[in-house]
Amino acid sequence: MGVDGRRSGVDDAAVIARVLAGDTEKFSILVERYQRMIHAYTERLLRQHDLADEATQATFVRAFDHLDRFRGESSFKTWLHAVALNECRGLWRSARRGPNVSLDDVPESALPRAEIRATDDEGLERLVERLPARQRSVVALRVYSDLAFKEIARVEGITENSAKVSFHHAIKRLRGWLGGGEGSA
Amino acid sequence: MSAWCVFYRARLVDFAAGTLPATRRARVALHLDRCADCAQTVTDLAVVPERLRAAAPPSSDDAFFRTQHDAIMRRVRGRAAVRATPAFDWKWKLAPVLAATMALGLVVFGLRPSPRSITQPLPALEALDTDTLLSVADVARTFSPDGHLAGDAGWHPVEDLYDVNDQDLAILDEMLGGDT
C-alpha cells in the first residue's frame, strides 16, 4: 500500500477485492489515488502531453481488464507502473512506425549543446527528458514515483543491481550536462 | 575510473541512500577517500534527485484530472458491461438451424408420417346426400349384383351394414331394383 492509499484510509488490496467482486465503481478510488503519479510517469517517458493522456487512460483500463492477474507479489503501485511502462512501449513502437523519430534514436552528440547546458529548474526537467529511455524511466520511478530499487527492478524487468547502475549512470550524466561541479550546487 | 569504481557503482547508490550495512559502508567509505570522482558521484546522488524533485513542474490542474478520471471510469464501465453480457452461446444460437435441418431431413429421406389410410369408414347412409347414395348403390351393384354390400364377414344386406331408415331403404330399393 502506498502513501496515497494510507491517506484515503482504504487499503489497495481491499479496494481491489471489491472491484473483483463486481463493484466496478470502487475502481474509481484507485484511479483517483494513482492517476497523477501515472500521468507524470508516462509524460516523462513519452515527452508528449497528449500521448501521456492516452497512455494513462489505457493503463487504467488495462489494469481493470487484468486486475485478476494482480497477485499482490508487489505493491499495486509497482504493478500499475509496470502496466504503464508496457503501454508506453506500445506507443513508442507505434510512433516509430510513423514518420516521427524518437529522441532516443538521436545520438547525444547531435543534441544542441546550448539546450543541454540548462541550469534553471525548467532546464533540469528538460535534461531528464534527454536521458536514454531506460535511465529516464528509472529516474522517474525513483525520484518522482518514489519506488524502491527492488520495485523499479520489477517494473523494468531487470535486476535490482541493474536498476541501481542505471540510476547511477543517469545521475552522472545529468551532472555532466549541468557542467562540472555544478551538480553539487 | 578504476575497476573498483565500476565495482562500486551500485553500492554508491545505497551508500548515498544510507541503506548499506555497516561493513560494506566502511569499505565504500575507504574507496571514496581515494577516489574523488566517486566521492563527487555520492554527492550528486544525494543532491541531483532533490533538485529534480524541486524542479518538477506542478501537475495539471484538478479540472484536467477530474475530466481524465471521468473518461477512465467511462471506459471501465464499458468494459464491465461487456464482461456482464453472456458470451455468445453457439449451442442455443444454432438450435433453430439444427431443428430446421432435421425437419428437412425427415421430409427428404421419407421419414414422413404414414399417409392417411385410403380405407375410410363408410358414413351412415342417412348422412349422405342423394348423389353419394347413388355412388354407394353403384358400388354395391358392382361388387354384389344382388344388392349386398361387402362387410367384414362377407356380403351383407345393406341394412345390416348401415343404420338406414325406411326412407333411405326405399331409395336404395328403388336404385338397386328391390333386391336389398
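Any value given below was found using the heavy atoms of this structure, including those in side chains, with hydrogens, waters and symmetry copies removed. So that the names make sense, note that chain A is the first sequence line, chain B the second, and so on, each numbered from 1.
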TODO: Nearest 0.5 Å please: distance from the NZ atom of A:K164 over to the CG atom of B:L45.
DONE: 12.0 Å
Open item on the list: For A:Q57 and B:Q68, which I'm curious about, is there any donor-acceptor pair between the side chains at under 3.5 Å?
Closed with: no
Open item on the list: Can you tell me how far apart CZ (B:R53) and CG (A:L124) are? Round to the nearest 0.5 Å.
Closed with: 12.0 Å
Task: A:F64 portion near chain B, given a 4.5 angstrom heavy-atom threshold - done: both
TODO: Report yes or no: do A:V138 and A:V165 belong to one cluster of Ile/Leu/Val/Met/Phe/Trp/Tyr joined by side chain heavy-atom distances under 4.5 Å?
DONE: no
Task: When A:D53, A:V139, A:T24 are compared by non-hydrogen pairs under 4.5 Å with chain B, the top option - done: A:D53
Open item on the list: Would you compute the distance between atom CG of A:L174 and atom CG of B:D44 and round it to the nearest 0.5 angstrom?
Closed with: 9.5 Å
TODO: Decide ring-ring contact (aromatic ring centres under 6.0 Å, His included) for B:F64 and A:H49; before the verdict, give the C-alpha distance in whole Å, the side-chain angles of both, and the deciding distance to 0.1 Å.
DONE: CA-CA 12 Å; B:F64 167 78; A:H49 188 80; 5.3 Å; yes
Task: Any residue of residues 71-78 of chain B which, by heavy atoms, sits under 4.5 Å from chain A - done: B:A71, B:I72, B:M73, B:R75, B:V76, B:R77
- [ ] Please answer: with hydrophobic residues joined when any side-chain heavy atoms are less than 4.5 Å apart, are A:Y144 and A:L131 in the same cluster?
- [x] yes
Open item on the list: Just to be sure I understand the criterion: a residue of residues 12-31 of chain B counts if one of its heavy atoms is under 4.5 Å from a heavy atom of chain A. Which ones qualify?
Closed with: B:L12, B:V13, B:D14, B:A17
Task: A:V128, part contacting chain B, at a heavy-atom distance under 4.5 Å - done: side chain
Task: Taking every non-hydrogen atom, the tightest pair across B:P49 and A:V143 - done: O-CG1, 3.7 Å
Open item on the list: Under the rule for side chain to side chain donor-acceptor pair (under 3.5 Å), what residues qualify as partners of A:D65, not counting sequence neighbours?
Closed with: B:R79
Open item on the list: Checking A:S28 against B:H69: is there a side-chain donor and acceptor pair closer than 3.5 Å?
Closed with: yes
Task: Electrostatic pair A:R36-B:D62, nearest N-O below 4.0 angstrom - done: yes
Please list, one pair per line, the donor and acceptor atoms closer than 3.5 Å that link side chains of residues 16-23 of chain A to other protein atoms, with sequence neighbours excluded.
from: A:R18; atom 1: NH2; to: A:D23; atom 2: OD2; distance (Å): 3.0

Open item on the list: If hydrophobic clusters are built from ILVMFWY residues whose side chains come within less than 4.5 Å, do B:L106 and B:L98 share one?
Closed with: no
Task: Single-linkage hydrophobic cluster, 4.5 Å side-chain cutoff, A:I158 and A:L85 together - done: no
Task: Over all atoms of both residues, closest heavy-atom pair of B:A55 and A:E125 - done: O-OE1, 4.2 Å
- [ ] State the SG-NZ distance between B:C38 and A:K172, to the nearest 0.5 angstrom.
- [x] 6.5 Å
- [ ] Side chain from CB out, backbone as N, CA, C, O: work out which of these in A:E160 comes under 4.5 Å of a heavy atom of chain B, or both, or neither.
- [x] neither
Task: Pairwise side-chain contact, A:E32 with B:F65, heavy-atom cut-off 4.5 Å (strictly under) - done: no
